[in-house]
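The structure presented is a predicted model; accordingly, all values stated were derived computationally and were not measured.
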Amino acid sequence: MAMADVPTLYVWSTEDTAFGPAAARETEQWVSGPYRFEALQGVSRWIPEEAPETLSHLLLEHLQAHGEYGTTPSSPSVDSRGDGTRSTD
């Protein structure tokens with residue numbers, strides 16, 4: 001099995017009945033890129049529904065830290081203005 005070589009954020013919840021703590025924590029061995037593991041206490045596997053603010057915060061931190069990972073000068077930039085144009089800032 002190939003290693004994931006991209007920045008990876010794994011948000012796991014302690015009440016997840018599908019993936020236990022050992023399986024969740026062992027995922028790191030399959031990632032060679034930057035890796036962050038976050039465990040949400042008392043949340044079921046429905047993280048977006050039960051902890052949307054926490055998940056959003058974690059995702060924004062991850063994207064801010066690794067948002068330009070793997071981009072090249074020829075990669076399109078994000079439409080940050082929302083008007084169909086690319087930002088050159």
Side-chain angles (χ1 to χ4, degrees):
M1 182 179 278
M3 300 282 285
D5 65 354
V6 296
T8 302
L9 169 65
Y10 187 154
V11 182
W12 176 74
S13 52
T14 59
E15 304 303 314
D16 188 334
T17 57
F19 293 95
R25 294 199 185 279
E26 289 175 13
T27 300
E28 183 175 11
Q29 71 182 327
W30 300 104
V31 180
S32 62
Y35 183 80
R36 179 175 173 187
F37 178 84
E38 291 288 337
L40 304 184
Q41 301 295 318
V43 177
S44 79
R45 69 175 307 157
W46 304 107
I47 295 169
E49 288 81 4
E50 294 184 22
E53 294 86 9
T54 301
L55 180 59
S56 294
H57 177 77
L58 292 170
L59 287 169
L60 288 172
E61 280 184 350
H62 180 75
L63 292 171
Q64 287 173 347
H66 304 288
E68 294 189 25
Y69 183 86
T71 60
T72 63
S74 62
S75 297
S77 58
V78 174
D79 173 10
S80 60
R81 296 184 186 121
D83 62 1
T85 62
R86 291 192 309 228
S87 174
T88 57
D89 303 332

Peer 1: Just jot down the salt bridge (charged side-chain N to carboxylate O under 4.0 Å, His left out) partners of Arg45, sequence neighbours excluded, or say none.
Peer 2: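 By the salt bridge (charged side-chain N to carboxylate O under 4.0 Å, His left out) rule, Arg45 matches no residue at all.
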
Peer 1: Does the side chain of Arg36 reach to within under 4.5 Å of the side chain of Glu61, using non-hydrogen atoms?
Peer 2: yes

Peer 1: Output the distance between atom CD (Glu50) and atom CG (Leu55), rounded to the nearest 0.5 Å.
Peer 2: 12.0 Å

Peer 1: Is Leu58 reachable from Leu63 through a run of I, L, V, M, F, W or Y residues, each pair having side-chain heavy atoms under 4.5 Å apart?
Peer 2: no

Peer 1: Is the closest side-chain donor-acceptor distance between Glu53 and His57 under 3.5 Å?
Peer 2: no

Peer 1: Could you tell me whether a side-chain N or O of Thr54 sits under 3.5 Å from a main-chain N or O of Pro52, the two making a donor and an acceptor?
Peer 2: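 Such a contact is absent between Thr54 side chain and Pro52 backbone.
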
Peer 1: Between atom CZ of Arg25 and atom OH of Tyr10, what is the distance when rounded to the nearest 0.5 Å?
Peer 2: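 Here the rounded value is 10.0 Å.
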
Peer 1: Around atom CZ of Phe19, are there more than 12 heavy atoms of other residues, nucleotides or ligands at under 6.0 Å?
Peer 2: no

Peer 1: Drop me the distance from Glu28's CD to Thr8's OG1, to the nearest 0.5 angstrom.
Peer 2: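 The CD atom of Glu28 sits 10.0 Å away from the OG1 atom of Thr8.
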
Peer 1: Tell me whether Trp46 is reachable from Val43 by hopping between hydrophobic residues (I, L, V, M, F, W, Y) whose side-chain heavy atoms are closer than 4.5 Å.
Peer 2: no

Peer 1: Does anything in residues 12-22 form a side chain to side chain donor-acceptor pair (under 3.5 Å)? List the pairs, not counting sequence neighbours.
Peer 2: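 Pairs touching residues 12-22 that pass the test: none.
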
Peer 1: If you take all heavy atoms of Pro7 and His66, which pair is closest and at what distance?
Peer 2: CB-CG, 3.4 Å

Peer 1: Evaluate the side-chain proximity of Glu38 to Leu9: yes if any heavy-atom separation is below 4.5 Å, no if none is.
Peer 2: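 Yes - at least one pair of side-chain heavy atoms lies under 4.5 Å apart.
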
Peer 1: Hey, does Tyr35 have a side-chain heavy atom less than 4.5 Å from the side chain of Thr27?
Peer 2: yes

